[in-house]
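We name chains A, B, ... by the order of the sequence lines, and we start the count at 1 in each one.
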Protein chains: 2
Amino acid sequence: MEEVTSKQQNREASKKPQTEAQAHGYDPNKYERPSVTVDVVMMSVRQKDLQVLLVKRRSWPYEGMWAIPGGFVNMDESLEDAAKRELQEETNVENVYLEQLYTFGDPGRDPRTRVITVVYFALLDSERLHVKAASDAADVRWFSVYNLPPLAFDHAKILDYALSRLRGKLEYTTIAFSLLPEQFTLRELQHVYEIILNKEMDKRNFRKKILATGILEDTGERKMEGTHRPARLYRFNPAAEHKL
Amino acid sequence: MEEVTSKQQNREASKKPQTEAQAHGYDPNKYERPSVTVDVVMMSVRQKDLQVLLVKRRSWPYEGMWAIPGGFVNMDESLEDAAKRELQEETNVENVYLEQLYTFGDPGRDPRTRVITVVYFALLDSERLHVKAASDAADVRWFSVYNLPPLAFDHAKILDYALSRLRGKLEYTTIAFSLLPEQFTLRELQHVYEIILNKEMDKRNFRKKILATGILEDTGERKMEGTHRPARLYRFNPAAEHKL
DNA sequence: CGAATAGTGTCTTTAAGACAGTATCCA
DNA sequence: TGGATACTGTCTTAAAGACACTATTCG
């Protein structure tokens with residue numbers, strides 16, 4: 001129930017009329033409002049490592065520290081649209097995996113004012129990905145999630161949470177495929193699992209299990225690199241999503 | 001990064017100074033802010049049914065329709081504290097299971113103004129529970145999740161989401177115990193599973209599986225009701241949380 | 001033919017599921 | 001002793017895990 005109760009105080013002056021609402025005697029400015037931001041945790045598997053994109057803060061608070069990219073939500077855009085906008089401000093990829101992660105809103109988490117942040121989680125495949133050559137390249141960088149710098153705000157907690165969500169979903173969803181290009185070898189897929197779960201897996205059991213689900217389609221092509229037998233290239237078959 | 005960019009307009013007049021923030025040249029009123037509410041989906045297993053507590057709206061919008069209880073977040077309380085406050089406004093139970101569910105914030109979901117709602121999910125055990133005799137008993141009621149009235153806002157979508165979360169977590173967490181009193185029979189536990197998953201389960205396999213995990217402790221007591229053999233009473237052993 | 005990675009099969013163990021009869025209490 | 005629910009065990013099937021050798025390519 002988004003009902004007006006009488007506990008809070010009116011601390012804001014009223015603004016321009018919002019026709020229908022005001023016709024019903026509803027004053028949208030009756031309560032003091034927190035700021036709402038959307039932060040986007042962008043992860044990718046690169047260089048045999050699970051990495052996250054961070055930006056260096058250029059002003060108070062936490063000036064010079066690294067932080068998860070984010071920004072205010074516009075009044076007329078959905079939370080997901082705000083997340084997509086942030087994503088495009090930092091990278092130039094589209095159609096990435098994007099889900100809402102959690103909302104963090106403890107008073108005091110931001111010294112400026114009360115800030116509630118809705119955190120989204122994006123997974124980028126290493127191939128299509130290139131970070132925008134923003135103002136200053138030194139201000140936007142990939143970091144290993146296993147070796148993070150000191151982080152601004154409560155962002156260390158947020159990354160912990162993102163990693164555990166990723167690990168959980170890896171087991172019962174097809175989330176891993178969003179970290180790979182369209183075609184990939186079984187070994188590459190296994191590496192994604194191993195890097196995220198941070199443990200080695202048995203090659204034979206892994207292949208058996210994945211192939212048994214029927215979510216992979218043999219492309220007929222092969223990937224040759226180095227001086228050894230080439231590997232088959234597979235592609236994810238979304239039609240067989242159900243299994244796993 | 002909760003960084004001030006220059007895209008949005010300054011539509012609010014500044015308020016009283018917030019010392020540290022303003023000393024750093026940060027103006028907390030630079031952006032128009034959405035309203036933030038916390039809604040709490042309260043569910044319980046009662047009368048062999050999974051039920052949710054709803055309140056009847058007394059004013060525009062959606063006047064007379066049923067809605068999930070909720071309210072504005074105070075500037076100095078955490079989101080979880082706001083949820084606990086809502087919980088206590090409607091019921092008089094403490095120490096209930098409470099988790100954050102999801103944040104809904106589409107523009108237009110509330111005709112009054114932009115409202116972003118952080119939804120929490122509470123599970124109440126049927127024994128301790130009694131709804132507060134609020135202003136008017138007819139305005140607060142339990143409904144079967146399998147037979148809901150028309151709901152205000154996007155609340156039908158929210159309840160769908162809550163139910164699927166509950167079903168998912170039932171399988172790999174000990175969430176079911178928060179719907180039962182301290183002592184319960186295996187049959188009662190099985191009924192909780194059956195009611196939530198909406199399917200019958202085999203008694204022998206269910207008991208075998210639950211007992212094998214070691215999360216139950218035999219109290220030595222028995223529950224007698226009706227003219228038949230009494231059932232053993234168990235209690236949940238949180239020390240053995242890991243299994244399941 | 002040596003180096004390097006791709007690719008394959010069997011056995012064991014564990015968990016899940018199908019299935020029916022005996023035990024205990026009360027009236 | 002009849003009615004009602006508690007309680008129990010075996011067999012089958014499927015999934016997970018341990019484990020080692022052959023195949024193919026390039027230089």
Extract all donor-acceptor atom pairs below 3.5 Å that involve side chains of residues 226-234 of chain B and protein atoms in other chains or at least two apart in sequence.
unit_1	atom_1	unit_2	atom_2	d
B:H228	NE2	B:E225	O	2.7
B:R232	NH1	B:D218	OD2	2.6

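A:Y193 places its OH atom 17 Å from the C1' atom of D:dG17, with the value rounded to the nearest Å. Put simply, NZ on A:K223 is 16 Å from C1' on C:dA4, counting in whole angstrom units. With rounding to whole Å, A:L186 atom CG is found 17 Å from C:dT5 atom P. Computed from coordinates, the A:D202 CG to C:dA6 P distance equals 14 Å when rounded to whole Å. Atom CG of A:N205 and atom C1' of C:dA6 are 16 Å apart (whole Å). Whole-Å rounding puts the A:F206 CZ to C:dT5 P distance at 18 Å. What separates CZ of B:R204 from P of C:dG21 is a distance of 10 Å, to the nearest Å. If you take CG of B:L189 and P of D:dA6, they are 13 Å apart, rounded to a whole angstrom.
With sequence neighbours left out, B:K203 forms a side chain to side chain donor-acceptor pair (under 3.5 Å) with no residue at all. Scanning for salt bridge (Lys or Arg N to Asp or Glu O under 4.0 Å) contacts around B:K208 gives an empty result, with sequence neighbours left out. The side chain to side chain donor-acceptor pair (under 3.5 Å) check on A:R222 picks up nothing, with sequence neighbours excluded. A:E221 is linked by a salt bridge (Lys or Arg N to Asp or Glu O under 4.0 Å) to nothing, counting only residues two or more places apart in sequence or in another chain. For A:D81, the side chain to side chain donor-acceptor pair (under 3.5 Å) test picks out A:S78, with sequence neighbours left out.
Of the candidates A:K56, A:R58, A:R57, A:R58 is the only one forming a salt bridge (charged side-chain N to carboxylate O under 4.0 Å, His left out) with A:D139.
Looking at heavy-atom distances under 4.0 Å, A:R207 makes contact with a base.
When the nearest nucleotides of DNA chain D are assigned to A:K203 and B:L211 by heavy-atom distance, the more 5′-ward of the two goes with B:L211.
Within a heavy-atom distance below 4.0 Å of DNA chain C, the residues of residues 224-234 of chain A found are A:T227, A:H228, A:R229, A:P230, A:A231, A:R232.
Classification of A:E94 and A:K84 as a salt-bridged pair fails, no side-chain N sitting under 4.0 Å from a carboxylate O.
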List every contact pair, protein side and nucleotides 11-14 of chain D side both N or O, where the distance is under 3.5 Å.
none

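Applying the ring pair (Phe, Tyr, Trp, His ring centres under 6.0 Å) definition to pairs two or more places apart or across chains, those involving residues 79-102 of chain B are B:Y102-B:F104, B:Y102-B:Y161.
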